[in-house]
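Heads up, the thing below is written out as structure tokens.
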Amino acid sequence: MEKRYNPEAVERKWQEFWEREKLFKVEVDRSLQKYYVLEMFPYPSGSLHMGHVRNYCIGDVVARFKMMRGYNVIHPMGWDAFGMPAENAAIKHGVHPAVWTMRNIREMRRQLKRLGYSYDWDRELATCHPEYYRWEQWLFLRMMEKGLVYRKKSIVNYCEPCRTVLANEQVEAGACWRCGTSVVQREQEGWFFKITQYAQELLDWCDKLTGWPERVLTMQRNWIGRSEGARILFPLGNGDSAIEVFTTRPDTLYGATFMSLAPEHPLCLELSRGTSQEESVRDFVNRVLTQDWDARTGEEAEKEGVFTGAYCVNPLTGRKMPIWVANFVLYDYGTGAVMAVPAHDQRDFEFAKKYGLDIVVVIQPDGEKLSPETMTEAYVEQGILVNSGEFDGTGNAEAMKAISEKLAAERKGGPTVNYRIRDWGISRQRYWGAPIPIVHCPDCGAVPTPDEDLPVVLPTDIEFPQSGRSPLPDLDWWVNVPCPRCKKPARRETDTMDTFVESSWYFDRYACPRYDKGIIDKEAVGYWLPVDQYIGGIEHAILHLLYSRFFTKVLRDLKIKESDEPFTNLLTQGMVIKDGAKMSKSKGNVVDPEELVGRYGADTVRLFCLFASPPERDLDWTAEGVEGAYRFLNRVWNLVQQHKDRKIAPDEGSYSERARAIRRVTHRTIKRVSEDIENRFHFNTAIAAVMEMTNELMKVTSQEADQAPDVAEALMEALRIVAALLSPFVPHIAEELWEALGGDPGMVRIPWPVFDPAFLTEDEILIVVQVNGKKRGEIRAPVDAAEDLVRETALAEPNVRKYVEGKTLRKAVYVPGRILNLVVG
RNA sequence: GCCUGAGUGGUGGAAUAGGUAGACACAAGGGACUUAAAAUCCCUUGGGGCAUGUCCCCGUACCGGUUCGACUCCGGUCUCAGGCACCA
């Protein structure tokens with residue numbers, strides 16, 4: 001151990017030691033309890049940012065702590081290596097996406113290693129590797145066989161700058177999740193995963209994911225958007241077809257006076273054809289569909305519509321209802337058609353007022369009489385049915401059920417459940433992604449690539465076009481293949497898969513990254529999965545976390561995996577903030593982890609990330625705070641330096657009060673740190689506890705330790721404990737201190753310290769004395785003092801007596817060992 | 001508008017089961033060491049008061065309630081952040 005703390009030397013020494021000893025390599029061992037800790041793998045953008053560092057520091061503490069607790073800990077790392085930045089770099093710098101990606105992985109791996117994380121690097125994987133996506137293609141084909149993959153033409157979200165289609169989950173407030181540009185609607189054919197088939201299960205399991213933050217579950221529940229109601233068929237004028245609607249208010253059916261269709265609905269043009277309305281409908285539909293998202297859905301967007309010229313019939317009243325096209329009806333939700341009940345729906349009310357459509361009140365509030373002429377807004381609350389035939393006088397809650405049942409009995413609809421979630425569109429018109437293993441044959445249609453031909457390797461021997469267009473469709477040698485079924489000339493699918501597909505199952509593959517007999521080794525996955533602790537940013541609350549849950553359920557139903565859910569516990573860490581804003585290049589407030597590690601060492605960076613705030617909150621980056629972390633490490637270093645060569649006298653068996661006090665603080669700290677890590681992941685308070693302990697130990701002078709062997713012994717024990725308790729947070733310096741204090745290297749192999757309750761007990765404790773709830777003094781009393789004695793001692797306190805004297809003691813509340821409250825009056 | 005969080009010193013944050021509010025750290029101020037500076041160490045540090053104390057009053061966004069006792073529980077209000085947002 002050098003005299004002065006030199007992080008660079010210490011860190012190099014221990015990183016080499018860990019690597020040489022293969023300290024973090026793990027294998028399946030059924031005699032040991034497994035623990036799977038995982039941080040969301042990074043996109044290899046080229047450099048690590050503070051968000052990554054924070055994420056991985058949190059995971060590393062958990063991993064190292066669990067290792068010391070004796071678990072067989074798997075802690076893997078890899079690369080979410082497909083994606084558009086690689087293509088953008090190709091356009092900008094003329095580098096091949098594969099070359100760019102590999103170079104970035106190399107660089108980021110080096111940066112990660114420099115931070116000393118406890119990864120089992122033998123399990124590293126990159127999703128752009130054919131041996132990875134090969135199994136993804138294989139799974140695609142199994143899902144296809146199960147009917148979980150299908151192809152359809154639909155209106156999709158298209159991002160112009162990214163030149164590709166986006167899934168609903170990837171559109172945030174009408175804009176592309178990646179580049180922020182408003183998406184446009186486009187009709188396009190593509191591949192879909194049938195996530196809707198699992199909507200109910202995904203929702204139900206939200207209640208069982210007790211280890212997940214409530215807000216993530218809420219976001220998922222909202223996204224799935226289950227609502228109960230009824231489907232109702234409204235026959236068209238011609239009598240042989242009908243418009244189906246979904247409504248949550250079947251109780252208001254008698255008040256449905258017209259019908260509204262989404263502009264995207266094919267019936268709009270169909271129904272108006274040949275009527276006098278044909279032209280205005282076409283104009284209206286064209287106008288709305290070419291509007292951008294903001295103009296259509298923004299606050300100031302007005303509700304407008306056009307009559308189609310056609311009518312349908314209210315199935316219960318027989319009323320002839322005009323069919324309108326309305327800009328506020330969503331094609332994506334329900335059936336894209338809405339029965340309009342202007343008296344009891346605010347949008348329908350405004351629409352009816354604007355266009356002079358009929359308003360019929362069918363729900364009357366208690367003790368009030370609504371009439372269409374005097375209403376200024378829709379009545380949406382509870383009430384009693386009127387104008388509703390046989391249902392008049394029924395409460396509307398009851399009527400919902402009754403009317404649904406009547407519809408079902410008459411085959412005009414019936415109760416149903418509707419979900420907001422749509423199927424996951426996975427086709428991307430991009431190059432740098434996993435090829436979809438399909439061949440399009442003019443005769444046989446979309447034909448799966450046979451398993452034995454997998455992987456369908458993404459050709460890398462290409463010139464990447466400056467236009468940004470995917471080179472795949474122009475790659476004749478690759479595209480033109482015989483149909484696997486009829487052998488006639490056919491064309492390969494040139495869309496690639498959404499990169500969220502790769503990240504939906506990578507955690508399974510970590511259990512057996514080199515397995516080549518199947519997608520996963522059931523044995524290994526059965527042992528390691530599910531992930532016990534998953535850690536990452538909240539930004540994936542819906543996207544990645546929902547898709548991964550879906551994949552786990554699919555794999556389970558394919559009998560490949562046993563778990564119902566991928567992640568038992570989820571921790572969503574906050575952002576890294578500097579000067580009040582998220583770190584970003586445009587704000588110019590980014591801090592480069594590399595530079596910091598160079599200046600202070602990895603341990604200081606790690607310590608600051610963990611100490612500045614609890615993981616789920618945002619972390620405010622300050623240069624002064626980093627300095628503080630560095631100072632603390634130096635203090636600990638110097639403290640150990642001061643005492644390390646101290647010889648410990650043999651145990652005398654009796655301890656002075658001084659030695660007992662050192663033991664007490666030591667064991668109290670073990671307790672605090674253990675509980676803070678184990679129960680709450682509150683590393684900031686865990687570190688604070690060690691700081692307090694260190695502050696206490698610094699008060700022990702060398703002279704004092706020289707003279708009292710029992711103090712020296714307690715002090716040496718304490719210093720070893722400090723090193724042990726710090727080791728998950730700042731592993732390099734901890735190893736160095738531990739070694740200097742005579743410990744064996746490789747601290748993740750030593751057991752985590754256990755506190756001895758016997759050392760925590762004190763003979764005398766501090767009891768706060770309150771009079772009428774206000775603190776008036778404190779007294780010392782034996783730990784097991786009876787209430788009477790405590791009360792007597794308290795009353796003897798001058799300051800307490802001042803408030804009690806001359807008054808009657810009405811009540812005394814004594815919380816043993818804590819507080820005595822005297823109520824006087 | 002709806003949902004979910006969160007509001008505590010100059011700052012980041014602590015108070016785990018209702019029991020001393022402000023642990024730990026940063027910043028600031030003062031002191032020691034030094035020719036000097038840096039580094040290090042020590043002291044002070046929520047606001048106010050005076051009688052300077054084991055002192056008093058106020059104080060955890062705001063108003064009210066429960067309780068011997070509330071940052072903590074309950075009701076209401078406000079603000080901020082995030083998510084969803086014409087969802088029929």
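Convention: sequence-line order gives letters A, B, ...; per-chain numbering from 1. We use all heavy atoms of the structure for the numbers below, so side chains are in, but hydrogens, waters and symmetry mates are not.
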For A:D620 and for A:V171, locate the closest nucleotide of RNA chain B by heavy-atom distance; then report the residue assigned to the nucleotide nearer the 5' terminus.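 The answer here is A:D620.
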Closer to the 5' end of RNA chain B via nearest nucleotide, is it A:D348 or A:T218?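 It is A:T218, whose closest nucleotide lies nearer the 5' terminus.
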For [X], answer base if it contacts any base atom (sugar-phosphate contacts may also be present), sugar-phosphate if it contacts only those atoms, and nothing otherwise; contact means non-hydrogen atoms under 4.0 Å.
X: A:F608; result: nothing
X: A:I538; result: nothing
X: A:P614; result: sugar-phosphate
X: A:N679; result: nothing
X: A:V329; result: base
X: A:E692; result: sugar-phosphate
X: A:E778; result: base

Chi angles and distances behind the salt bridge (Lys or Arg N to Asp or Glu O under 4.0 Å) call for A:E696, A:K699: CA-CA 5 Å; A:E696 284 303 311; A:K699 291 179 192 159; 3.1 Å; yes
Integer angstrom distance from the [atom1] of [N] to that of [M]:
N: B:C55; M: B:G1; atom1: P; answer: 50 Å
N: B:U67; M: B:A17; atom1: C1'; answer: 16 Å
N: B:G22; M: B:A27; atom1: P; answer: 22 Å
N: B:G64; M: B:A51; atom1: P; answer: 33 Å
N: B:A28; M: B:A38; atom1: P; answer: 12 Å
N: B:C56; M: B:C3; atom1: C1'; answer: 47 Å
N: B:C86; M: B:C71; atom1: P; answer: 42 Å
N: B:A23; M: B:U11; atom1: P; answer: 15 Å

Of all the nucleotides listed (B:A15, B:G12, B:U20), which has the minimum atom distance to the side chain of A:T685?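 Between B:A15, B:G12, B:U20, the one nearest the side chain of A:T685 would be B:A15.
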Taking the side chain of A:T248 as its heavy atoms from C-beta onward, which of B:C68, B:A88, B:C58 lies nearest to it?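 Closest of the options to the side chain of A:T248: B:A88.
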Can a donor-acceptor pair under 3.5 Å be found between the side-chain atoms of A:N821 and the base atoms of B:C68?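 Indeed there is one.
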Check this for me: does the side-chain of A:K303 come within 3.5 Å of the base of B:C86 through a donor and an acceptor?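 Checked by distance alone, the answer is yes.
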Spacing of [X] atom [atom1] relative to [N] atom [atom2], expressed in whole Å:
X: A:F632; N: B:G12; atom1: CZ; atom2: P; answer: 22 Å
X: A:L330; N: B:A88; atom1: CG; atom2: P; answer: 10 Å
X: A:E350; N: B:A88; atom1: CD; atom2: P; answer: 16 Å
X: A:I542; N: B:G82; atom1: CD1; atom2: C1'; answer: 11 Å
X: A:F611; N: B:A14; atom1: CZ; atom2: C1'; answer: 10 Å
X: A:N684; N: B:U16; atom1: CG; atom2: C1'; answer: 13 Å
X: A:Y333; N: B:A85; atom1: OH; atom2: P; answer: 12 Å
X: A:K802; N: B:C55; atom1: NZ; atom2: P; answer: 8 Å

Between A:R347 and A:F328, is NZ or CZ placed under 6.0 angstrom from the six-membered ring centre and within 45° of the ring axis?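 No, A:R347 does not lie over the aromatic ring of A:F328.
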Pairs involving residues 613-631 of chain A, ordered by first then second residue, that meet salt bridge (charged side-chain N to carboxylate O under 4.0 Å, His left out) (sequence neighbours left out):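 As it turns out, there is no salt bridge (charged side-chain N to carboxylate O under 4.0 Å, His left out) pair with a partner in residues 613-631 of chain A once direct neighbours are skipped.
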Answer with yes or no whether the side chains of A:S227 and A:N418 bring together a donor and an acceptor at under 3.5 Å.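 Absent: no donor and acceptor within the cut-off.
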Okay, side chain of A:K412, backbone of A:P315: is any donor-acceptor separation there less than 3.5 Å?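 Answer holds: yes.
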Centroid-to-centroid, A:W324 to A:Y355, below 6.0 Å?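 Centroid distance A:W324-A:Y355: below 6.0 Å, so yes.
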